[in-house]
Amino acid sequence: MDNYLFNEFQEVTSQAWKTKIQVDLKGADYNDTLLWKTNEGITVKPFYTKEDRTQQNIHLPKKEFNICQSITVEDEKKANSLANDYLKRGANSIEFIVNNHLDYKTLLINIDLQNTVLYFRFKHLNSKLISDISEFINSDNSYFNIDIIGNLASTGNWYKSQNEDHTEIESIIKNATNSICVNTSIYQNSGATITQQLAYTLAHANEYLNHFDKEAAHKIHFNFSIGSNYFFEIAKTRAFRILWNSLLKEYDVKETTAHIFSQPSLRNKTLYDYNVNMLRTTSECMSAILGGADTITNLSYDKLFHKPNEFGERISRNQLLVLKEECELESAQHIANGTYYIESLTNQLAQQALDIFKQIENGGGFLKQLQEGTIQRKIAESAIKEQEQFDNGLLVLLGTNKIQNEKDKMKSDIEIDPFLKKRNKKTLIQPIIQKRLAEKLEQERLENE
């Protein structure tokens with residue numbers, strides 16, 4: 001039946017399409033009029049055909065994505081109450097953000113430890129505590145966000161020292177599953193291009209493989225931030241899975257599916273016209289779903305300037321529930337397979353990222369280039385370019401640098417500081433600066449209120 005239907009149409013080649021377009025342009029140059037180049041250096045065409053398909057075998061999750069709710073733990077009883085409430089209201093995963101010592105037994109009361117996917121993001125390094133939690137939970141569904149290199153990149157310092165941090169990690173690896181996290185959000189939120197994000201993530205993870213050998217490969221998982229470039233962000237997650245499996249083959253590790261935890265980026269979120277943040281995060285969560293993220297946690301629309309509150313958390317969770325249940329994206333991780341445009345983007349992003357990765361390795365590796373300041377300089381160059389595009393109106397954030405609501409006043413509604421905080425702490429290296437695009441413009445508007 002399908003063949004019969006398609007036999008009624010004559011096959012059209014890409015060259016025939018291009019010729020037809022050139023006729024319709026009536027003398028205008030095809031390249032100048034319809035092709036555009038991204039900050040990654042990728043040329044986007046006006047149309048794609050089956051000739052652009054790459055037929056890449058991408059190892060995607062077999063299960064539907066998890067809806068996660070993030071909780072900062074200041075009081076274990078309160079955090080436990082919130083977690084149980086969220087799990088009853090649509091979430092099936094919880095991320096606990098831990099700043100200090102933790103009474104984990106109180107924190108985990110009445111939570112189904114075998115079937116609930118749990119993430120622990122620590123602001124400190126304590127191998128005994130992490131090992132104790134892993135033993136108590138006794139489940140492969142627990143993930144520990146321990147990233148000593150990511151901490152160095154974002155703060156400029158090791159937790160203790162390079163040797164001590166690696167010793168602590170060695171102890172954790174022996175006693176806990178899923179115990180190394182590569183926090184790629186650092187690169188996205190600081191203004192790195194997508195190809196830089198992919199390359200730095202791969203090189204970042206390779207430092208752990210180099211130090212702990214291939215036995216650590218199955219304990220590594222990844223934390224991604226997703227921006228608003230919809231199709232490119234879908235391709236980003238897919239491209240990373242290709243790159244990760246390629247790297248593991250070099251270590252003679254049997255192919256494994258990378259576990260990816262995703263969340264919307266902070267880079268493009270705004271203080272003014274803040275309801276637009278809900279639209280941004282919905283688009284970004286959808287990119288994460290279609291890109292094949294294992295778990296997604298959303299940001300509340302008022303995260304920048306309000307303390308966590310019931311309304312904001314409920315809306316952020318319901319955005320994911322609408323995508324999952326009403327949009328029927330429950331098992332949509334394979335939906336981009338075979339799409340000409342996304343497959344072409346995926347292949348180009350992976351190839352360009354691989355080229356950068358090889359340059360890093362030839363230059364002594366990611367840690368060496370981070371300590372020398374090369375990584376920071378490269379990201380800063382990209383961030384400055386993107387900031388200039390925003391300042392000049394080429395990169396648009398609605399309600400902020402375009403179509404402003406002049407009646408919008410925010411000074412009296414700010415509960416927490418939404419701006420980059422200057423640090424006076426002495427650091428071993430220059431940290432990677434994570435900053436939102438709209439900060440300078442927002443500060444000027446606040447001053448003029």
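Positions are given from 1, in the same order as the sequence printed here. Side chains are part of it too, since the values below use all heavy atoms of this structure and drop only hydrogens, waters and symmetry mates.
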May I ask you to check whether Tyr119 and Phe261 place their ring centers less than 6.0 Å from one another?
-> yes

Ignoring hydrogens and angles, state whether a donor on the side chain of Gln387 or Asp391 is under 3.5 Å from an acceptor on the partner side chain.
-> yes

Here the gap from Asn448 atom CG to Gln443 atom CD, rounded to the nearest 0.5 Å, amounts to 12.0 Å

Ignoring hydrogens and angles, state whether a donor on the side chain of Glu40 or Thr38 is under 3.5 Å from an acceptor on the partner side chain.
-> yes

Determine whether Tyr208 and Ile148 make a side-chain contact, defined as any pair of heavy atoms from C-beta on separated by less than 4.5 Å.
-> yes

Between Trp244 and Phe240, what is the ring plane arrangement, given parallel below 30°, perpendicular above 60°, and tilted in between?
-> parallel

Under 3.5 Å side-chain donor-acceptor pair for Thr167 and Glu170 = no

Correct closest heavy-atom pair for Asp103 and Thr106 would be OD2-OG1, 2.6 Å

Is the shortest heavy-atom distance from the side chain of Ser287 to the side chain of Ile226 under 4.5 Å?
-> yes

Is the side chain of Asp417 donor-acceptor paired with the backbone N or O of Phe419 at a distance under 3.5 Å, no angle test?
-> yes

Side-chain donor-acceptor pair under 3.5 Å between Thr155 and Asn157, yes or no?
-> no

Counting heavy atoms not belonging to Lys421, are there more than 12 under 6.0 Å from its NZ?
-> yes

Quick one: do Leu329 and Met286 satisfy side chain to side chain contact (heavy atoms under 4.5 Å, CB included)? Show the steps, please.
-> CA-CA 9 Å; Leu329 296 179; Met286 191 168 174; 4.0 Å; yes

Can you check whether Cys285 reaches Pro264 side chain to side chain, under 4.5 Å on heavy atoms?
-> yes

Give a yes or no answer on whether the side chain of Lys174 reaches the backbone of Ile169 with a donor-acceptor pair at less than 3.5 Å.
-> no

Checking Glu439 side chain against Leu420 main chain: does a donor-acceptor pair fall under 3.5 Å?
-> yes

What's the shortest heavy-atom distance between Phe122 and Tyr159, and which atoms?
-> O-OH, 3.9 Å

Would you confirm whether Thr297, through its side chain, and Cys68, through its main-chain N or O, come within 3.5 Å as a donor-acceptor pair?
-> yes

For Thr193 and Asn39, work out which heavy atoms get closest and say how close.
-> CG2-O, 3.9 Å

Indicate whether the side chain of Tyr251 and that of Asn206 have a donor and an acceptor atom separated by less than 3.5 Å.
-> yes

Solution key, residues 91-99 side-chain donor-acceptor pairs under 3.5 Å, sequence neighbours excluded:
{"residue": "Asn92", "atom": "OD1", "partner": "Ile67", "partner atom": "N", "Å": "2.8"}
{"residue": "Asn92", "atom": "ND2", "partner": "Asn66", "partner atom": "OD1", "Å": "3.1"}
{"residue": "Ser93", "atom": "OG", "partner": "Val117", "partner atom": "O", "Å": "2.8"}
{"residue": "Glu95", "atom": "OE1", "partner": "Ser70", "partner atom": "OG", "Å": "2.5"}
{"residue": "Glu95", "atom": "OE1", "partner": "Arg121", "partner atom": "NH2", "Å": "3.2"}
{"residue": "Glu95", "atom": "OE2", "partner": "Arg121", "partner atom": "NE", "Å": "3.1"}
{"residue": "Glu95", "atom": "OE2", "partner": "Arg121", "partner atom": "NH2", "Å": "3.2"}

Pair Arg89 + Glu310: basic N to acidic O under 4.0 Å | yes

Lys409 atom NZ, neighbour heavy-atom count above 12 within 6.0 Å = yes

Can you pull the ring pair (Phe, Tyr, Trp, His ring centres under 6.0 Å) pairs that have at least one residue in residues 349-400, sequence neighbours excluded?
-> His204-Phe366

Show your reasoning for whether side-chain hydrogen bond (donor to acceptor under 3.5 Å, both in side chains) applies to Thr270 and Arg436.
-> CA-CA 8 Å; Thr270 57; Arg436 294 183 299 108; over 6 Å; no

Do you know which two heavy atoms are closest between Val73 and Leu102, and how far apart they sit?
-> CG1-CD1, 3.8 Å

Would you call Glu361 and Lys358 a salt bridge, taking side-chain N to carboxylate O under 4.0 Å as the test?
-> no

CG of Leu271 to CD of Glu442: how many Å apart, nearest 0.5 Å?
-> 4.5 Å

Could you tell me whether Arg377 and Glu381 make a salt bridge, using a distance below 4.0 angstrom between a side-chain N and a carboxylate O?
-> yes

Please answer whether the main-chain N or O of Gln430 pairs with a side-chain N or O of Thr427 as donor and acceptor at a distance below 3.5 Å.
-> no

Closest heavy-atom pair and its distance - Ala217, Leu248 = CB-CD2, 3.8 Å

Polar side chain donor-acceptor pair, Thr400 to Arg445, under 3.5 angstrom | no

Go through the side-chain N and O atoms of Ser185 and Asn223 and say whether any donor and acceptor fall under 3.5 Å apart.
-> yes

Residue Lys411 excluded, over 12 heavy atoms near NZ under 6.0 Å | yes

Tell me, which pairs form a side-chain hydrogen bond (donor to acceptor under 3.5 Å, both in side chains) where one or both residues lie in residues 122-146, sequence neighbours left out?
-> Ser127-Glu168, Lys128-Asp132, Tyr143-His259, Asn145-Asn183

Is the NZ atom of Lys378 crowded by more than 12 outside heavy atoms at less than 6.0 Å?
-> no

Rounded to the nearest 0.5 Å, how far apart are CG of Asn298 and CG of Leu320?
-> 5.0 Å

Reported CD-to-CG distance for the pair Gln197 and Asn189, which is rounded to 0.5 angstrom = 8.5 Å

Any chance you could measure Asn401, atom CG, to Leu437, atom CG, to the nearest 0.5 Å?
-> 9.0 Å

Are the side chains of Ile220 and Leu209 in touch, meaning some heavy atoms are under 4.5 Å apart?
-> yes

Less than 4.5 Å apart, any side-chain heavy atom of Ser316 and any of Gln69?
-> yes

Would you check if there is a donor-acceptor pair between the side chains of Asn151 and Asp165 at a distance under 3.5 Å?
-> no

Tell me yes or no: between the side chains of Gln319 and Thr281, is some donor less than 3.5 Å from an acceptor?
-> yes

Tell me, do Gln188 and Ser265 make a side-chain contact under 4.5 Å, heavy atoms counted?
-> yes

If you draw a 6.0 Å radius around CZ in Phe231, do more than 12 non-hydrogen atoms from other residues or ligands fall strictly inside?
-> no

May I ask you to say whether Asp294 pairs ionically with Arg241, meaning some side-chain N is under 4.0 Å from a carboxylate O?
-> yes

May I ask you to decide if Ile234's main-chain N or O and Thr237's side chain share a donor-acceptor pair within less than 3.5 Å?
-> no

Heavy atoms of other groups near Glu74 CD, more than 12 under 6.0 Å = no

Presence of salt bridge, Glu284 and Lys269, under 4.0 angstrom | yes

Going by heavy atoms in the side chains, are Ser382 and Gln196 under 4.5 Å from each other?
-> yes

Got Phe65 and Lys324 here, is their nearest side-chain heavy-atom distance under 4.5 Å?
-> yes

Taking every non-hydrogen atom, the tightest pair across Ser179 and Ile146 = O-CB, 3.4 Å

